[in-house]
Trainee: 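The structure is given below, and queries will be raised subsequently.
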Amino acid sequence: GVESAFGGWIAEYTRRLTVDVSTTTQWETAASAFWGGLAAGRGLVATGLARRFENAALFSGLALVGAAIATLLVVSGAVSGLSPVLAVAVTCGLGLAPSFPVTMAALSREMPRGVAQPMVALGSLGAATVPWLVGAISSRTGSLSSGLSALLVLLAVLVLAVAVSRSCGATEAKISQDEAIAIAKREVDFEPNEVIVRFLKRGINQQTFWLVGLAREDAAGRREEATN
């Protein structure tokens, strides 16, 4: 919702903000700068972002967008040309780039299909309501700056949610690998000669657990397997 609202309103904000007569007919380039930055950022995320850096990229990007919007709103009275606005627009595009792909990848990996699919559909509610919210606040207060300030509140909530998710996911496993193997062996009625162990994190709160695969193959080639 934040990217739809900012991308939809930044051109109008720039039109109202620009006092340099030579740039008053170029205010629409602010929207192009934002969507261009977003597209470039998505390309970088798709080709160069390792999975272990996804949360860090998401957190840093949202924080960067919040700082950029806050800076624009604070210094808006001193802006007399397009360059500062275009810089903020590109920065916001790059900062918001990881949000959608990282979130969708996390949902597909960590949530059951029956939960992930409705959540993806509900994600469209933000794009449908947040731009309207910005316009409603702007109309009520007579200031588009006030409307865009609502985005700072939403970004703060998102940053807090990511921070909480990361702190929950930082917990260590309650049992060691050797203890997990011992527990798994007690659950089977054969003595395994093959052991495969994986340490996994699942769910929104990144709950950790051990996945232990046990197998035995006798001299005749008969094979028994179990996963715990």
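Quick caveat, the model's predicted, so the values are computed rather than measured. We're numbering straight along the sequence, starting at 1.
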Trainee: Could you list the residues that satisfy side-chain contact (heavy atoms from CB on, under 4.5 Å) with Ser4, not counting sequence neighbours?
Mentor: Ala127, Pro131
Trainee: Return the minimal non-hydrogen interatomic distance between Leu148 and Ile69, and the atom names on each side.
Mentor: O-CG2, 4.4 Å
Trainee: Only pairs at least two apart or in different chains count here, so list each salt bridge (charged side-chain N to carboxylate O under 4.0 Å, His left out) that has a residue in residues 33-47.
Mentor: Glu3-Arg42
Trainee: Can you tell me how far CG of Leu38 sits from CZ of Phe6, rounded to the nearest 0.5 angstrom?
Mentor: 11.0 Å
Trainee: How does the hydrophobic cluster around Leu133 look, that is, which other residues are in it when side-chain heavy atoms under 4.5 Å mark a link?
Mentor: Trp132, Ile137
Trainee: For the atom pair OG (Ser60) and CG (Leu64), what is the distance rounded to the nearest 0.5 Å?
Mentor: 8.5 Å
Trainee: How far does CG of Leu96 sit from CG of Leu158, to the nearest 0.5 angstrom?
Mentor: 9.0 Å
Trainee: List in chain and number order the residues that pass side-chain contact (heavy atoms from CB on, under 4.5 Å) with Ser149, two or more places apart in sequence or in another chain; answer none if no residue qualifies.
Mentor: Leu73
Trainee: Would you name the heavy atoms of Ser99 and Leu62 that are closest together and state the gap between them?
Mentor: OG-CD2, 3.7 Å
Trainee: Do Val88 and Phe34 have side-chain heavy atoms sitting under 4.5 Å apart?
Mentor: no
Trainee: For residues 149-160, which residue pairs pass the salt bridge (charged side-chain N to carboxylate O under 4.0 Å, His left out) check, not counting sequence neighbours?
Mentor: none
Trainee: Taking only residues two or more places apart in sequence or in another chain, which ones pass side-chain contact (heavy atoms from CB on, under 4.5 Å) with Ala63?
Mentor: none
Trainee: Please identify each residue that fulfils side-chain contact (heavy atoms from CB on, under 4.5 Å) with Leu154, with sequence neighbours left out.
Mentor: Val2, Val130, Leu151
Trainee: Of the non-hydrogen atoms in Leu152 and Gly66, which two are nearest, and what is the gap between them?
Mentor: CD2-O, 3.4 Å
Trainee: So, taking the atom named CZ in Phe100 and the one named CG in Leu58, what distance separates them when rounded to the nearest 0.5 Å?
Mentor: 13.0 Å
Trainee: Which other residues belong to the hydrophobic cluster containing Val90, where Ile, Leu, Val, Met, Phe, Trp and Tyr are joined when side-chain heavy atoms lie under 4.5 Å apart, directly or via other members?
Mentor: Leu94
Trainee: Please collect all salt bridge (charged side-chain N to carboxylate O under 4.0 Å, His left out) contacts where either partner lies in residues 139-150, sequence neighbours excluded, each pair once.
Mentor: none
Trainee: What are the two closest heavy atoms between Ala89 and Ala33, and how far apart are they?
Mentor: CB-CB, 4.0 Å
Trainee: At their closest point, which heavy atom of Thr91 faces which heavy atom of Ala68, and how far apart are they?
Mentor: CG2-CB, 4.0 Å
Trainee: Can you name the residues that form a side-chain hydrogen bond (donor to acceptor under 3.5 Å, both in side chains) with Ser138, not counting sequence neighbours?
Mentor: none
Trainee: Answer whether the closest heavy-atom distance between the side chains of Val75 and Pro84 falls below 4.5 Å.
Mentor: no
Trainee: Val85 and Ile10: side-chain contact (heavy atoms from CB on, under 4.5 Å), yes or no, with the steps?
Mentor: CA-CA 9 Å; Val85 181; Ile10 186 60; 4.2 Å; yes
